[in-house]
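Presented below is the structure to which this report refers.
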Amino acid sequence: MLSLDALNAPQREAVLHERGPLVVFAGAGSGKTRVITYRIAHLVGEREERPWRVLAVTFTNKAAGEMRERLGKLLPQGGADVWVGTFHATCAKLLRKHAAEIGIKSSFAIYDEADSKAMVARVLRDLDIDERRYPPKLVAGAIERAKQEARGPDDFKVFDAETEVIKRIYATYEERMRQSGALDFGDLLFRLVYAMQTNDKLLATLQQRFDHVLVDEFQDTNHVQLRLVHDLCMQHRSLVVVGDDDQSIYRWRGANRRNILDFRDQFPDATVIKLEQNYRSTARILRAAQSVVQRNLEREPKTLWTSNPDGARVTVVRCHDERDEARLAVRAVRDAAQAGHALSDIAIFYRIHAQSRVFEEALRAANIPYRVVGGVRFYDRAEVKDVLAYLRVLENPDDDVSVLRVVNTPSRGIGKATIDRLLDTAATRGISVAEALRVLRDADDQPAALRKKLESFLGLVDSLRERASQGEAPSALARAVLDETGYKQMLETDDTPESDARLENLEELVGSIVDFEEEAEEPTLRAFLEIVTLQTDVDEVAAGDRLTLMTVHAAKGLEFDTVIVAGLEEEMFPYRGLDPGSDREELEEERRLAYVAFTRARERLVLMHASLRHLFGQTRINARSRFIDEIPPDDRHEIGVPPPRASAPPPPRDVYPERDEPAWDENPYRVTYRNAKTSERASGESYVDREDTDLAGLRLGMRVRHAKFGIGQVRAVTEGHPPRVTVTFPGWGTKQIVAKFLEPA
DNA sequence: TCCGAATTAATTTTT
DNA sequence: TTAATTCGGA
């Protein structure tokens with residue numbers, strides 16, 4: 001008997017919910033995963049639903065893994081049969097199962113973003129389109145977005161000459177993908193949705209397939225994902241979606257918050273449950289987070305509360321620059337550790353990866369062990385991708401992107417000229433690159449030396465493929481690739497520190513294949529390749545007691561005793577990119593991001609901002625983030641270096657003594673702001689801080705005149721060659737202006 | 001074909 | 001600033 005004692009009233013209601021669609025708005029730390037796992041346990045354990053007819057979808061492999069683990073505890077038997085997986089893995093599974101009806105090979109390769117980009121580049125070449133006018137990255141992005149909106153090449157939205165060209169590229173791209181027997185990430189979802197839409201029999205089959213569908217992080221779904229979920233559950237209409245519109249931080253990846261906000265329009269008979277009790281954070285931290293996100297206009301009304309104690313006030317630390325910030329962060333870490341927090345329960349968050357370096361240096365100097373989450377992923381490393389490309393070619397000879405990747409790696413004298421000839425042959429005859437290789441090898445009009453090189457490459461791949469088809473283990477094949485293609489030798493000959501690291505990575509790759517063979521139900525090469533592309537995050541082994549450094553995005557779903565958020569300055573967080581779109585939506589997403597960041601903290605929240613910051617080789621001076629001032633003054637206390645004076649020279653070095661510093665909480669520079677300006681800015685009227693630091697003769701907040709744009713207000717000053725200033729002009733928006741074109745007004 | 005200099009661009013990144 | 005990509009010359 002499953003005990004529901006651990007659940008509160010709304011949680012229990014969601015778990016026991018009987019019929020029809022249900023949307024659960026689950027605030028941060030309100031126990032949403034618990035609701036999903038208990039509900040599944042209840043369905044299978046109490047209501048005797050068949051586990052293999054229950055589908056739970058997540059976004060990340062990590063979330064899926066956690067769910068499966070928690071389910072295993074609640075449901076000792078049957079838990080393993082429940083379908084728990086990411087959108088992509090679930091679709092891949094269904095696509096392989098129904099490949100014949102859909103008209104694809106069940107051995108399809110899965111292309112990641114880099115592979116798609118390579119494919120676009122190739123199409124560009126075939127169509128003789130300038131790469132600089134149509135950067136592959138941009139075009140691949142457009143195609144990806146189209147697929148997220150369930151639009152094929154024929155439905156691609158065209159509104160100018162450029163999109164017309166992209167549409168053409170898209171069509172050819174699709175053709176080449178088919179030829180290569182490959183599906184990209186977008187295809188995994190779109191092809192299934194499309195197949196259901198065009199094939200009634202398949203639709204009927206799949207609608208029968210699951211009795212219950214549950215979706216986690218529903219606020220992050222995009223259009224196809226909604227369609228997929230909708231189509232899969234229409235028969236039984238047992239759909240439970242769980243999410244938090246305030247934690248929707250992937251709009252730029254196609255996520256549409258409307259999916260959760262308007263769920264009741266899509267499913268008019270939907271039940272709505274809100275989980276508003278937070279079990280994670282102190283009341284003060286929760287208030288801080290809420291007061292920021294509450295300023296957003298479009299959100300589902302809800303108020304989180306907690307029975308946890310008030311806790312300490314949020315610490316706001318003013319720093320001189322990013323190095324000072326790192327130094328003070330180290331102090332905050334030590335202080336938290338002294339208060340009994342394990343390093344593994346402390347994290348430093350930043351808005352962009354570029355901020356991590358200074359922290360790494362400071363932590364290394366301070367001898368504090370840390371790990372950086374994100375950055376280059378294991379399976380994205382060039383050498384790993386190379387070896388995987390060989391393996392993919394063994395599995396699927398027509399995988400053009402992989403063939404092109406390995407054909408001259410290591411170098412075997414098959415250079416650009418030859419590859420051009422290969423691509424031309426493939427394009428004119430409508431065959432794959434692998435087939436074109438054979439054609440050229442057998443062509444009498446080709447130089448004998450070239451034909452010999454091609455023959456040796458083909459012979460190598462064919463013999464490996466032969467071994468693969470004889471059932472040789474994936475790990476043995478990987479070793480064979482390393483030894484027989486000369487890849488390993490190439491690295492050994494190199495004998496640089498980098499090549500050593502690469503060899504180590506390849507050893508690790510082989511090791512991971514061995515692990516896979518021991519654990520997987522079906523230890524085939526195909527299964528391994530699928531896992532590798534769909535599972536981009538390799539779970540690092542529990543690496544001891546370490547501090548965590550990561551972006552706020554990466555922090556979603558995690559929690560720590562102490563959270564330090566760095567770089568809380570205007571332009572930085574809220575971040576504003578190159579052309580400052582003063583988009584309301586963008587600012588609201590930044591606010592949600594801050595909400596996510598703050599709500600990760602259980603006990604201590606430290607917010608840091610620097611008066612001056614070096615970024616991308618420039619010096620920027622920005623006011624501290626409006627998000628700080630949006631926190632109720634009673635819930636924060638402010639420490640750190642004194643604010644710079646107007647026109648003051650840069651503070652002398654000895655203002656920041658390295659030694660003999662007073663303890664963290666008796667900092668003599670402690671200042672508290674509770675003046676009129678705070679409330680003025682809180683209402684969004686002004687970006688101007690009390691700081692009057694100047695640069696290039698222009699000061700923050702100053703009114704300036706520009707010949708074309710008229711009078712505006714200085715929002716940021718950026719040192720460099722030439723110095724630039726960010727100015728907001730009423731009616732023109734925010735512009736970056738070279739300082740000499742401005743004069744004080 | 002390959003290497004090093006020049007040029008360019010720069011959030012966030014679940015799969 | 002840095003890192004990736006492109007370009008030009010040997």
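Below, read A as the first sequence line, B as the second, and so on, with proteins coming before strands; counting in each chain starts at 1.
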Does [X] put a side-chain nitrogen or oxygen below 4.0 Å from OP1 or OP2 of [N]?
X	N	value
A:T551	B:dT13	yes
A:S411	B:dC2	yes
A:H353	B:dT13	yes
A:N61	B:dT15	yes

Could you go over nucleotides 3-5 of chain B and give all protein N or O partners under 3.5 Å, atom names and distances?
none

Quiz item: Rounded to the nearest 0.5 Å, how far apart are OG1 of A:T221 and CG of A:D216?
Solution: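 One gets 11.0 Å once the value is rounded to the nearest 0.5 Å.
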Self-check item: Spacing of A:R591 atom CZ and A:N296 atom CG [to the nearest 0.5 Å]
Solution: 5.5 Å
Given atom [atom1] of [X] and atom [atom2] of [N], what is their separation to the nearest angstrom?
X	N	atom1	atom2	result
A:F616	B:dA10	CZ	C1'	4 Å
A:E589	B:dT13	CD	C1'	12 Å
A:F59	B:dT13	CZ	C1'	13 Å
A:Q355	B:dA10	CD	P	18 Å
A:Q219	B:dT14	CD	P	16 Å
A:K62	B:dT14	NZ	P	11 Å
A:M572	B:dT11	CE	P	10 Å
A:M550	B:dT14	CE	P	12 Å

Select base, sugar-phosphate, or nothing to describe what [X] touches, counting heavy atoms under 4.0 Å on all strands.
X	answer
A:I419	nothing
A:E217	nothing
A:A63	nothing

Neighbour count above 12 (heavy atom, 6.0 Å) for [X] [atom1]:
X	atom1	result
A:Y194	OH	no
A:R323	CZ	no
A:E360	CD	yes

Exercise. Let me know, please, whether A:Q148 or A:K416 comes out on the 5' side of the other along DNA chain B by nearest nucleotide.
Key: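 Between the two, 5'-proximity favours A:K416.
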Quiz item: Relative to the 5' end of DNA chain B, which residue comes earlier, A:G413 or A:G374, by the nucleotide with the nearest heavy atom?
Solution: A:G413
Quiz item: Between the base of B:dT14 and the side chain of A:R253, is there a donor-acceptor distance below 3.5 Å?
Solution: no
Quiz item: Between C:dT5 and B:dT12, how far is it from one P atom to the other, in whole Å?
Solution: 15 Å
Under 3.5 Å, which N/O atoms of the protein pair with N/O atoms of nucleotides 3-10 of chain C?
from	atom 1	to	atom 2	distance (Å)
C:dC7	OP1	A:R132	NH1	3.0

Quiz prompt | Nucleotide opposite B:dC2 in a Watson-Crick or G-U pair, distances under 3.5 Å | solution =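 Partner of B:dC2: C:dG9.
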Quiz item: Partners of A:F627 by ring pair (Phe, Tyr, Trp, His ring centres under 6.0 Å), sequence neighbours excluded?
Solution: A:F573
Exercise. Apply salt bridge (charged side-chain N to carboxylate O under 4.0 Å, His left out) to A:K32 and A:E66, showing your working.
Key: CA-CA 13 Å; A:K32 83 183 155 68; A:E66 272 164 28; over 6 Å; no
Out of [options], which nucleotide sits closest to the side chain of [X]?
X	options	result
A:I352	B:dT13, B:dT14, B:dT11	B:dT11
A:H553	B:dT15, B:dT11, B:dT13	B:dT13
A:W252	B:dT12, B:dT14, B:dT11	B:dT12

Quiz item: Tell me, do A:F218 and A:V23 make a side-chain contact under 4.5 Å, heavy atoms counted?
Solution: no
Self-check item: Matching residue for A:P136 among A:R122, A:E131, A:M119 - test: side chain to side chain contact (heavy atoms under 4.5 Å, CB included)
Solution: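 The single option meeting the side chain to side chain contact (heavy atoms under 4.5 Å, CB included) with A:P136 is A:E131.
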Practice problem: Report yes or no: do A:H614 and A:T619 form a side-chain donor-acceptor pair below 3.5 Å? | Solution: yes
Quiz prompt | side chain to side chain donor-acceptor pair (under 3.5 Å) partner of A:R626, the single match among A:E570, A:E569, A:E590 | solution =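 Between A:R626 and the candidates, side chain to side chain donor-acceptor pair (under 3.5 Å) is satisfied uniquely by A:E570.
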